[in-house]
Amino acid sequence: RQCPNPALKQALEGVHQNVMSGRPVSAALKSQRHVCGEAYVASVAAGEASGRLAEVLSRLAAMERAELKQQAARRALMAYPLVLAVVSALVILGLMFFVLPQFAGVFDQFGMTLPTITQVLLGISHELRSRWWLWIGIGLAAGIGFRAWLKSPAGKQTWDRFLVNGAVIRSVTRSMTTGRAFRLLGIMIDSGVPLIEALRLTRSSISNSLFRDLFDHLEQEVLNGRPLAEALATAPFVPNGATEMVSTAERTGTLGMVTQVIGEFYEEEGETRLRELATMIEPLVIVVMGVVVASVVLSVMLPMFEFATFAQQGA
């Protein structure tokens with residue numbers, strides 16, 4: 001009754017009706033798995049079977065809170081660079097569309113030879129103002145094409161490979177994805193979900209294609225009787241520390257608990273590295289935008305200096 005989201009409220013009402021009619025909580029949630037996911041349903045079912053439903057729900061809630069916290073942190077950290085870039089772009093467009101053409105008319109009246117940088121920017125400004133409809137269409141087409149490419153199998157795989165192996169962002173992506181996957185895997189194992197089923201459900205909950213392929217490989221290796229740590233060691237994007245801890249957990253029989261600890265550690269590490277990355281991006285955006293704005297201003301001021309010199313000589 002208190003849920004503010006209409007879609008979630010409807011799903012919860014369906015779960016409530018099923019439970020009131022005598023169905024288990026996991027069966028009621030299974031009918032709403034498009035909302036909560038198969039991994040959530042499997043963990044709840046294992047918690048019911050082992051009599052640890054309250055404990056499992058508490059762990060799942062903690063994982064969801066951590067995910068929401070990370071999302072809020074990502075939005076907050078990237079908001080400033082994004083706003084700065086947008087404002088700078090608007091200033092540059094205003095200078096090129098309105099300020100620079102006005103000065104160009106003044107300079108033409110005196111027949112002055114404009115500097116190269118001014119001529120180049122005037123040419124760009126004239127092209128954008130005269131055929132704005134063409135460039136807007138090209139921009140929209142490029143955006144739609146890029147989005148369609150990302151949805152294609154080849155495009156998604158290429159983009160996911162860039163996120164995992166990109167020189168600047170790989171430390172953030174690897175830590176966050178590893179943390180999320182291992183934490184979910186640990187919750188399911190500790191709840192009583194069989195390892196093979198836990199690996200399959202973890203794979204279905206990950207969006208990155210490289211990690212999905214990894215968990216598919218892990219499932220096949222475990223089915224063939226090989227240790228989980230050996231299969232993890234073949235993935236270059238999984239931190240070595242995680243592989244060593246999994247190897248120790250398999251020998252000591254504490255895989256569920258240890259994978260949760262691994263997940264929590266790498267989630268926190270990913271958040272820290274994201275903060276560091278945002279700290280580096282902010283001054284970089286300021287410098288780049290400053291250089292571009294300075295170039296536009298310089299293209300206006302250089303002819304002004306020449307005009308002042310010409311006026312003094314004429315006097």
* Verify the distance criterion only: is there a donor paired with an acceptor across the side chains of Arg200 and Ser204 at less than 3.5 Å? => no
Here the salt bridge (charged side-chain N to carboxylate O under 4.0 Å, His left out) pairs for residues 216-232, sequence neighbours left out, are Glu221-Arg226
- prompt: Short question: side chain of Arg212, backbone of Ile206 - any donor-acceptor pair under 3.5 Å?
  reply: yes
Residues passing the ring-ring contact (aromatic ring centres under 6.0 Å, His included) test with Trp149, sequence neighbours excluded, are Phe146
*Is a side-chain N or O of Glu250 found less than 3.5 angstrom from the main chain of Ala229, in a donor-acceptor match?*
yes
For Asn5, I'd like to know if atom CG has over 12 heavy atoms of other residues, nucleotides or ligands within 6.0 Å. yes
inquiry  = Under the criterion side chain to side chain contact (heavy atoms under 4.5 Å, CB included), I'd like the reasoning laid out for Val25 against Leu57: C-alpha separation, chi angles, the key distance, then a yes or no.
reply    = CA-CA 11 Å; Val25 176; Leu57 288 174; 6.0 Å; no
Hits for ring-ring contact (aromatic ring centres under 6.0 Å, His included) against Phe211, two or more places apart or cross-chain, chain-then-number order -> Phe237
Looking only at heavy atoms, the pair that brings Ser207 and Asp160 closest together is O-OD2, 3.8 Å
Check your understanding: So does Arg131 have more than 12 non-hydrogen atoms from other groups sitting under 6.0 Å from CZ?
Key -> no
Residues passing the ring-ring contact (aromatic ring centres under 6.0 Å, His included) test with Trp135, sequence neighbours excluded, are none
Review point. Between Thr234 and Ala231, is there a donor-acceptor pair closer than 3.5 Å when you use the side chain of the first and the backbone of the second?
Key: yes
Those residues at least two apart in sequence (or on a different chain) that pass side-chain hydrogen bond (donor to acceptor under 3.5 Å, both in side chains) with Ser31 are Asn18
Would you say the side-chain atoms of Thr178 pair up with the backbone N or O of Ser175, donor to acceptor, closer than 3.5 Å? no
Exercise. Check the surroundings of atom CD in Glu55: do more than 12 heavy atoms from other residues, nucleotides or ligands lie under 6.0 Å from it?
Key: yes
Side-chain donor-acceptor pairs of residues 185-192 under 3.5 Å, sequence neighbours excluded:
{"residue": "Asp190", "atom": "OD2", "partner": "Arg59", "partner atom": "NH1", "Å": "2.4"}
{"residue": "Asp190", "atom": "OD2", "partner": "Arg59", "partner atom": "NH2", "Å": "3.1"}
{"residue": "Asp190", "atom": "OD2", "partner": "Gln260", "partner atom": "NE2", "Å": "3.3"}
{"residue": "Ser191", "atom": "OG", "partner": "Ile187", "partner atom": "O", "Å": "2.5"}

